[in-house]
Amino acid sequence: MPQPEAKVPSRRELDARAVWLSALAALLGLGAGFVARFLTALIGLFTNLAYFHRLSWAQVDPWTHRLGWMSVLVPVLGGLIVGLMARLGSKAIRGHGIPEAMEQVLTNRSRIAPRLMFLKPLSAAVAIGTGGPFGLEGPIIATGGAMGSVLGQFLPSTPDERKTLLGAGAAAGMAATFGSPVSAVLLAVELLLFEYRPRSFVPVALAASTATAVRLATAGPGAAFPMADLGPAGPAALALCALVGALAGLLAALLTRGLFWVEDGLFARLPVPWVLWPAIGGLAVGLIGLVEPRTLGVGYRNITEILSGSLTGWAVVALCAAKALSWALALGSGTSGGTLAPLFTVGGGFGAALGLGLAHLLPAAHLDPRLAALVGMAALFAGASRALLTSVVFVVEATRQPWGILPLLTGCALAYLVSARLMDTTIMTDRLVRRGTRVPEGLGTDPLEQVLVGERCSRDPATLSPAMPVEAAKAWLRGGAEGSAHRVFPLLDEEGRLTGLVSRSRIAEAEE
């Protein structure tokens with residue numbers, strides 16, 4: 001009589017639970033979109049209060065102040081406030097946001113304390129509003145991730161579902177900041193989810209698209225970093241873009257090691273409590289700001305001027321060198337702020353300066369310095385974070401330059417390659433690895449997910465009796481009977497109860 005076929009278990013990932021998760025992610029994207037707009041306005045409020053002594057939510061560049069040398073004290077005051085918030089509230093507000101979110105995913109089952117939803121954006125707004133040389137995208141990404149995690153803790157959910165909601169919130173925060181939904185999804189995949197599965201990918205995509213719709217409705221459809229359209233790069237220009245990318249990878253390794261040297265070799269050895277470190281970092285920010293005022297604050301305007309070619313020559317070299325130093329000293333002091341904007345500023349300026357030099361030395365290559373700035377901007381972040389696809393797609397979305405895809409992909413790939421050869425870790429993972437956290441490398445798949453138990457196990461396994469003589473067991477193995485080729489055999493007593501397991505090697509080595 002033929003045996004009935006075994007029912008193949010369902011492999012469907014997008015079940016009713018996934019639909020529910022997607023709906024939650026869309027709502028999360030809506031909330032994160034408005035939170036991002038509020039945080040942007042809050043930074044404007046603190047900047048106006050600190051540098052212009054007025055109540056206003058309008059966005060203003062802090063370097064246009066008229067405080068003179070008194071401006072040095074503004075970042076110091078901001079550092080003191082952030083240090084006290086970290087001491088009295090939570091030390092988790094320190095840092096640039098993304099590594100802290102990664103740590104909760106990898107070590108704490110994606111659980112983030114609810115108070116971080118309020119403390120992280122507030123501390124970042126204080127730090128940036130008082131002149132901190134940071135971007136607001138890192139804190140917004142961290143805040144969105146905290147919103148998703150808290151939602152997953154409030155509602156019944158598994159750790160995987162909380163991770164998905166955390167990634168959805170983080171992607172929504174980035175998308176709401178720059179209007180870049182695709183790169184926001186890729187950021188979540190490459191740095192937070194460590195997987196590419198429909199069950200996590202679809203909710204994250206819905207959150208990012210919803211947050212982008214909020215940005216379109218509140219800030220308009222303009223590019224985050226507008227610039228004149230670029231044309232296609234020829235073979236010689238593409239080769240020079242590859243060189244720019246490789247050198248940006250070298251710069252990424254130097255900046256990353258410099259940042260961690262500031263943390264461990266400088267501030268960690270100071271004979272003062274860590275709560276005062278952000279104030280000391282603020283003093284460095286203020287002093288550098290006296291020499292190069294454009295290092296103060298977020299500096300998105302700097303990025304736009306670099307990419308448009310209106311900020312060139314020694315001016316851009318001085319700005320990028322000062323910005324890198326100010327950012328490393330401030331972030332290394334343990335204050336709160338993002339890394340994307342500083343890296344984009346330094347990378348864009350590095351690429352622009354290098355592009356001008358290459359264009360002067362090799363005019364026949366027809367390299368547009370603006371294209372070199374675009375490549376440098378993306379390649380520095382790719383080399384520092386190893387989020388290659390995120391870097392490429394982000395710059396295309398933020399500047400609306402489709403002809404930049406090929407040079408960007410080439411430059412970012414080489415930056416990734418160079419930095420990977422020079423550093424085992426990244427700016428996102430170095431601290432985690434040194435704490436003993438195992439960080440996944442790449443988006444691997446579990447081969448056991450593709451194998452069913454019924455395909456590899458026997459329904460009627462060959463068994464042995466505990467009372468069976470060793471010589472008889474060896475003879476049975478040598479005889480080649482059905483089932484004797486198995487590696488392990490269950491031991492069943494006279495009543496058919498399992499008493500243990502024995503391997504072929506153990507039988508072969510047993511003495512008679």
Side-chain angles (χ1 to χ4, degrees), residues 46 50 62 69-100 102-103 116 119-120 122-135 138-139 142 252-293 295-297 321-339 341-343 346 384 423 425-437:
F46 286 137
W69 67 269
M70 290 290 292
S71 64
V72 174
L73 301 179
V74 176
V76 175
L77 177 61
L80 283 173
I81 295 174
V82 173
L84 288 174
M85 291 179 68
R87 178 66 178 84
L88 301 176
S90 172
K91 291 181 68 175
I93 66 171
R94 306 170 73 201
H96 48 101
I98 298 177
E100 291 75 23
M102 293 174 67
E103 184 174 26
L116 289 180
L119 292 177
K120 184 63 179 180
L122 183 59
S123 64
V126 170
I128 298 171
T130 55
F134 308 113
L254 293 175
L255 286 177
T256 301
R257 290 184 175 179
L259 172 64
F260 292 120
W261 177 85
V262 169
E263 287 186 359
D264 300 330
L266 184 59
F267 282 98
R269 297 183 180 182
L270 291 178
V272 296
W274 64 264
V275 71
L276 297 177
W277 294 354
I280 298 174
L283 178 61
V285 169
L287 292 173
I288 294 172
L290 276 182
V291 179
E292 180 53 77
T295 58
L296 298 173
K323 186 77 172 183
L325 180 61
S326 179
W327 164 75
L329 290 172
L331 190 62
S333 70
T335 191
S336 178
T339 59
L343 290 178
V346 175
M423 298 187 300
T425 57
T426 72
I427 199 170
M428 306 295 179
T429 64
D430 185 88
R431 183 67 63 194
L432 301 180
V433 171
R434 283 194 279 171
R435 290 175 184 166
T437 303

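Because the structure is predicted, anything quoted here is derived from the model rather than measured. Note that the numbering runs from 1 along the sequence shown for the chain.
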Please set out all donor-acceptor pairs under 3.5 angstrom arising from side-chain atoms of residues 322-329, sequence neighbours excluded.
from	atom 1	to	atom 2	distance (Å)
K323	NZ	T295	O	3.2
K323	NZ	G297	O	3.0

Between V272 and W277, does the side chain to side chain contact (heavy atoms under 4.5 Å, CB included) criterion hold? Intermediate values first, please. CA-CA 8 Å; V272 296; W277 294 354; 3.7 Å; yes
Would you check, one step at a time, whether the test side chain to side chain contact (heavy atoms under 4.5 Å, CB included) holds for R431 with D264? CA-CA 11 Å; R431 183 67 63 194; D264 300 330; 3.3 Å; yes
Given T256, which of I427, T426, T425 fulfils the side chain to side chain contact (heavy atoms under 4.5 Å, CB included) condition? I427
At what distance, to the nearest 0.5 angstrom, does CD1 of I81 lie from CG of L84? 8.0 Å
When rounded to the nearest 0.5 Å, the distance separating CZ of F46 from CG of L122 is 5.5 Å
Give me the atom names and distance for the closest heavy-atom approach of K120 to I93. NZ-O, 2.8 Å
In short, V82 meets S123 closest at the heavy-atom pair CG2-O, 3.7 Å
So which atom in P133 and which in V285 form the shortest heavy-atom distance, rounded to 0.1 Å? CD-CG2, 3.9 Å
Hey, could you give me the CZ/CG distance between F267 and L276, rounded to the nearest 0.5 Å? 11.0 Å
Testing the basics here: between G83 and V275, what is the closest heavy-atom pair and its distance to 0.1 Å? O-CG2, 3.1 Å
Closest non-hydrogen atom pair, G135 against I128: O-CD1, 3.6 Å
Between L77 and T130, is a side chain to side chain contact (heavy atoms under 4.5 Å, CB included) present by the stated rule, with each step listed? CA-CA 8 Å; L77 177 61; T130 55; 5.8 Å; no
What's the separation between atom CZ in R257 and atom CG in D430, rounded to the nearest 0.5 Å? 9.5 Å
Closest non-hydrogen atoms of T335 and P278, given as atom of the first, atom of the second and distance, are CB-CB, 4.1 Å
Rounded to the nearest 0.5 Å, how far apart are OG1 of T429 and CD of E103? 12.0 Å
